Protein chains: 2
Amino acid sequence: MSGGGRRRRSDHTWTTGLFSIIMFSFAELAEQFAGKFDTKHFPDSLPSLYQPAEYFLSMGGKRVRPVICLMGNELFDTIQPDAWNVAHAVELFHNFTLIHDDIMDKAPLRRGKPTVHVKYGEPTALLAGDVMIVAAYDYLSKINTVHLPGIMHLFNKTAREVCEGQQLDMDFEKRERITLDEYMQMVTLKTSVLLAASVQMGAMLGGSGEGNQEHLYAFGKNLGIAFQLQDDYLDAFGDPEKFGKQPGGDIMANKKTFLTIQALETATPVQQKELLYLMKENPPGKVERVLQIFRDCKVDQWAKDLKDKYLGLALRHLEDTAVTGSRKQPLEELALFLVQREY
Amino acid sequence: MSGGGRRRRSDHTWTTGLFSIIMFSFAELAEQFAGKFDTKHFPDSLPSLYQPAEYFLSMGGKRVRPVICLMGNELFDTIQPDAWNVAHAVELFHNFTLIHDDIMDKAPLRRGKPTVHVKYGEPTALLAGDVMIVAAYDYLSKINTVHLPGIMHLFNKTAREVCEGQQLDMDFEKRERITLDEYMQMVTLKTSVLLAASVQMGAMLGGSGEGNQEHLYAFGKNLGIAFQLQDDYLDAFGDPEKFGKQPGGDIMANKKTFLTIQALETATPVQQKELLYLMKENPPGKVERVLQIFRDCKVDQWAKDLKDKYLGLALRHLEDTAVTGSRKQPLEELALFLVQREY
């Protein structure tokens, strides 16, 4: 249980009984992960295919999923080599979904840069995604066979669910109204289950029992919902300086979000009529007028409260995980960071 | 080594020493595989995603890859449950590539029916392919952990190569001329390696040593090239009655094939000029005039000879596989069927 041998960082040293536990923070693990992950993943042999794949990976990202996997592992022991393999697999899988989602959504930009299909054409983007999911499974194939079937089972189930989430998202695009429950289900599949599975896989590799695994899965799942609530909130009410882009993108694109769905559910007939008019006609000043309706309907506060509710649920599951409290601190910090971030 | 307990078929009973060896023919294994494979592979929960995936699988196919895997397994022992799992994985992976290739190639039809993207739209077709490769890995995850890392390693390497083959195919589309060597490399990646890996994975699960595995891989690889030669040949010179469709599809689409590449390499300046004119202008009677040039340049006979050369190479590797000769008969018959088929 001691962190002996690892770099000591005073701000992450807690004393429990005889041993000092030194665990890594999100920033530290993200940096360590980047040190391993930010390298070439594909051969030089076929640049027309592999350069687009490398291009996408080089765009970076928050690397939340691999880090939460590493943290789930470190909850039980020092981080094991197999946790790094699964962290790589999870991040490659996530990037595979992003490349394909961008094609399906006809998205021109990702993190401010042209998407793969815009830069290299749809066929190559499709294939670049395909080689990326294969690369993800290649990392899985390296892990100890004691864990391999269990990890693959959860990984595959999650991969299916993420695809289902994307299909639901597209199905919902075609419908005028969807309920909050439906949106919640879509978000759970598209975003939450991968966070949940990532932390659970880390725990599995750390030798966690099933009860703890279930709590950690529920922690990740609820955290994912809170994370998406924050995402939707920031896209409407984010501070442009911190958010890095002008908010209102979702509003301009008439994207269904927690905010629009709740606004349509709670608006007065007059507000509802205006909201539908704004969404249909895209008049000048649309974003400001939609935001005003959001404020009038108090969906900004509602979103914050709902986010806190799911964060609370997540933290309760973390609390119920039968592990020394101090070992949970990095996961708790990560949860707070994800739902309080302003970018 | 005895086939005791299985249905005896006089036409596949050979006597070696004390035991009668009863092995399954291609037709028998294809039927057995269909009995297991032709069922629902996805849940009912999300028809907008899973119905398109089931639709594609219901189109059928020759099921050559799973059968050659089963045969590779039966070469060493009675067919094992894990060989069925790998056979399923291979067929699902193959169908994943077909769905995605159809999107990339903008193909309207497959086996005479509308392709998935034509029937359900490109985004859903893309996702249907994605859930299919995940389903393939799900079958792999079921196999004995003694074999799992080795099988996954070969499967992943092959999957990458198949993607590379498709990318090369697309790269070549944009070029006016490609060499025979380049086309051969593309065919090897796009078609041959999956046949090769399928038979090798069957052998691995049967406990085959590395030498035999290498011979069987080479058998499948050379067979795949002969198979593609027959494909290209039939598309130009097939008997419409047996081929099931009017030949000349590749010619109409100006697809680069073994035949066009060889014709361009061996044609006289006058023939070459006419061929390039026909490909560029698509005048009436194009197919007949191209076929006449093919005949004049003797590329029909050349293709047959080259096919026989690769079939010969394949059979030599099968011969060199250190297994009782009579056990190899089904694979030999399959090879002859694949390169002599008229449809």
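Only a predicted model underlies this, so the values are computations on that prediction, with no experimental measurement involved. Chain letters run A, B, ... following the sequence lines, proteins first and then strands; every chain starts at 1.
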Trainee: What part of F42(B) gets closer than 4.5 Å to chain A, counting heavy atoms only: side chain, backbone, both or neither?
Mentor: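 Answer is neither: F42(B) stays 4.5 Å or more from chain A.
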Trainee: Quick one: closest heavy-atom pair of M104(B) and P123(A), and the distance?
Mentor: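 Looking at all heavy atoms of both residues, the closest pair is SD-O, 3.5 Å.
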Trainee: Donor-acceptor pairs under 3.5 Å, chain B to chain A, main chain and side chains both?
Mentor:
residue	atom	partner	partner atom	Å
S48(B)	OG	D171(A)	OD2	2.5
Y50(B)	OH	E164(A)	OE2	2.4
H100(B)	ND1	D130(A)	OD1	3.2
H100(B)	ND1	D130(A)	OD2	2.8
T124(B)	OG1	Q167(A)	OE1	3.3
T124(B)	OG1	Q167(A)	NE2	3.3
D130(B)	OD1	H100(A)	ND1	3.2
D130(B)	OD2	H100(A)	ND1	2.8
D138(B)	OD1	N156(A)	ND2	2.9
D138(B)	OD2	R160(A)	NH1	3.3
N156(B)	ND2	D138(A)	OD1	2.9
R160(B)	NH1	D138(A)	OD2	3.3
E164(B)	OE2	Y50(A)	OH	2.4
Q167(B)	OE1	T124(A)	OG1	3.3
Q167(B)	NE2	T124(A)	OG1	3.2
D171(B)	OD2	S48(A)	OG	2.5

Trainee: At a heavy-atom separation under 4.5 Å, does F96(A) approach chain B through its side chain, its backbone, both, or neither?
Mentor: side chain
Trainee: If you count heavy-atom pairs under 4.5 Å between each of L140(A), V134(A), L168(A) and chain B, which one has the most?
Mentor: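 Going by pairs under 4.5 Å, I would pick V134(A).
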Trainee: Quick check on L126(A) against chain B: is it the side chain, the backbone, both or neither that has a heavy atom closer than 4.5 Å?
Mentor: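 For L126(A), side-chain heavy atoms alone lie under 4.5 Å from chain B.
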Trainee: May I ask you to name which of L46(B), V131(B), L127(B) has the most heavy-atom pairs under 4.5 Å with chain A?
Mentor: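 Of the options given, most contacts go to L127(B).
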